[in-house]
Amino acid sequence: MEMELVRGLWDYHWWANRRLFDVAAALGDEATQREIGKEFSVPTLKGMFVHIYGADWVWLERWKGNAPTALPGEAELKAMADLRARWDPFEKEQRRFLEAITPADLPRIVAYKDTRGNAYTSPMWQMLQHVPNHATHHRSEIATMLTMVSGSPPPTDLILYYRSVAGHQKP
């Protein structure tokens, strides 16, 4: 059951990211690169998606034993299409990593450094929960930004994801 919960949370994470990404991308690059407000963690829609992608990337790198000193930046990802082109293969890499995790891996303590070089240790299960939860915060900001730009986006409720997976509701 533990692995089913972990994998379900990650499947939801990928579903919710893509659901909002597709809405934002349909607005065009001008809209996604326009500053919406400094009160957000990142002031643009594209920047917010780059941040989610970058955080996912940095955590996977840590789990692979690497110590990145920076997240991928907005400057190298000029448009939403550039981000999608990088995110799709990366998501496949994440899926392979998650498929290889076993229940015995969940309590394993992982030592890692943040981007400033500070050392930490955490059990794998906490980090596997943290990454989708981190993105939930930023997806809420994205939903607010999308509402300001074009109207309320489709919901990303967890139960809607479960219903769509079960075939009870359209995605």
Side-chain angles (χ1 to χ4, degrees), residues 1-22 24-25 32 38-145 156-159 161-162 165:
M1 184 63 174
E2 292 170 331
M3 292 313 305
E4 186 178 344
L5 287 171
V6 168
R7 290 188 179 115
L9 179 61
W10 277 81
D11 283 339
Y12 164 75
H13 171 60
W14 296 316
W15 173 84
N17 285 345
R18 187 168 297 271
R19 191 166 170 96
L20 292 179
F21 186 96
D22 290 348
T32 61
K38 293 188 186 311
E39 62 274 12
F40 295 102
S41 298
V42 180
T44 68
L45 282 161
K46 183 182 78 114
M48 197 71 76
F49 284 106
V50 168
H51 178 74
I52 292 172
Y53 161 76
D56 279 25
W57 176 85
V58 81
W59 281 103
L60 184 59
E61 286 298 304
R62 290 171 181 158
W63 300 334
K64 293 188 313 186
N66 301 321
T69 56
L71 278 65
E74 267 196 270
E76 62 193 83
L77 300 164
K78 303 279 185 217
M80 293 292 279
D82 298 329
L83 178 54
R84 185 82 273 153
R86 189 173 301 176
W87 207 336
D88 287 344
F90 171 71
E91 186 178 302
K92 288 177 184 165
E93 183 181 358
Q94 284 179 306
R95 287 180 186 276
R96 284 190 301 274
F97 180 85
L98 265 287
E99 287 169 7
I101 295 282
T102 68
D105 292 314
L106 297 178
R108 181 172 52 92
I109 301 299
V110 177
Y112 62 93
K113 291 183 180 179
D114 66 16
T115 55
R116 292 180 294 279
N118 300 310
Y120 297 94
T121 60
S122 298
M124 180 62 82
W125 70 267
Q126 287 180 357
M127 295 181 288
L128 289 171
Q129 287 182 324
H130 165 71
V131 174
N133 187 65
H134 169 263
T136 296
H137 169 74
H138 294 299
R139 283 191 300 265
S140 73
E141 290 183 298
I142 288 168
T144 301
M145 295 167 106
T156 57
D157 297 62
L158 187 57
I159 196 68
Y161 162 75
Y162 288 135
V165 168

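Model, not experiment: these values are computed from the prediction.
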What's the spacing between [X] [atom1] and [Y] [atom2] if we round to 0.5 Å?
X      : Y      : atom1 : atom2 : value
Trp15  : Leu158 : CH2   : CG    : 8.5 Å
Trp14  : Lys92  : CH2   : NZ    : 12.5 Å
Ile159 : Tyr12  : CD1   : OH    : 11.5 Å
His138 : Met48  : NE2   : CE    : 6.5 Å

Distance-only, no hydrogens or angles: does the [X] side chain make a donor-acceptor pair with backbone N or O of [Y] under 3.5 Å?
X      : Y      : answer
Glu141 : Ser41  : yes
Lys46  : Leu83  : no
Asp114 : Arg116 : yes

Next item on the list: Test side-chain contact (heavy atoms from CB on, under 4.5 Å) on Trp57 and Leu60 and set out the steps.
Entry: CA-CA 5 Å; Trp57 176 85; Leu60 184 59; over 6 Å; no
Check: Taking it one step at a time, do Thr115 and Val58 satisfy side-chain contact (heavy atoms from CB on, under 4.5 Å)?
Finding: CA-CA 9 Å; Thr115 55; Val58 81; 4.3 Å; yes
Check: Hey, does the Lys NZ or Arg CZ of Arg7 hover above the aromatic six-ring of Trp10, less than 6.0 Å from the centre and inside 45° of the axis?
Finding: no
Taking every non-hydrogen atom, the tightest pair across [X] and [Y]:
X      : Y      : answer
Asn17  : Trp87  : ND2-CZ2, 3.8 Å
Ile101 : Leu128 : CG2-CD1, 4.5 Å
Val42  : Gly47  : CG1-C, 3.4 Å
Val110 : Arg62  : CG1-O, 4.5 Å
Arg84  : Asp88  : NE-OD1, 2.8 Å
His13  : Val131 : CE1-O, 4.2 Å

For the residue pair [X] and [Y], establish whether any side-chain heavy-atom pair is separated by less than 4.5 Å.
X      : Y      : answer
Tyr53  : Pro72  : yes
Thr32  : Phe49  : no
Met80  : Phe21  : yes
His130 : Ser122 : no
Arg139 : Ile52  : yes

Notebook entry, point to check: Above 12 or not: heavy atoms from other molecules or residues under 6.0 Å from CD of Glu76?
Noted result: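 Counting neighbours around CD of Glu76, more than 12 heavy atoms of other residues, nucleotides or ligands fall under 6.0 Å, so yes.
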Next item on the list: Check whether more than 12 heavy atoms from other residues, nucleotides or ligands sit under 6.0 Å from atom NZ of Lys64, and answer yes or no.
Entry: yes
Next item on the list: Could you go through the side-chain contact (heavy atoms from CB on, under 4.5 Å) check for Tyr112 and Met127 one step at a time?
Entry: CA-CA 11 Å; Tyr112 62 93; Met127 295 181 288; 3.7 Å; yes
Notebook entry, point to check: Should the pair Glu99-Arg95 be classified as a salt bridge under the 4.0 Å nitrogen-to-oxygen rule?
Noted result: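 Judged by the 4.0 Å cut-off on N to carboxylate O distance, Glu99 and Arg95 do not form a salt bridge.
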Next item on the list: Compute whether any side-chain donor of one residue and acceptor of the other, for Trp125 and Glu2, lie under 3.5 angstrom apart.
Entry: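 Distance-only check fails for Trp125 and Glu2.
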Item checked: Check against side-chain hydrogen bond (donor to acceptor under 3.5 Å, both in side chains), Thr102 and Asp105 -> CA-CA 5 Å; Thr102 68; Asp105 292 314; 3.2 Å; yes
Next item on the list: Give the ring-plane orientation class for His134 versus His51, where under 30° counts as parallel, over 60° as perpendicular and anything between as tilted.
Entry: tilted
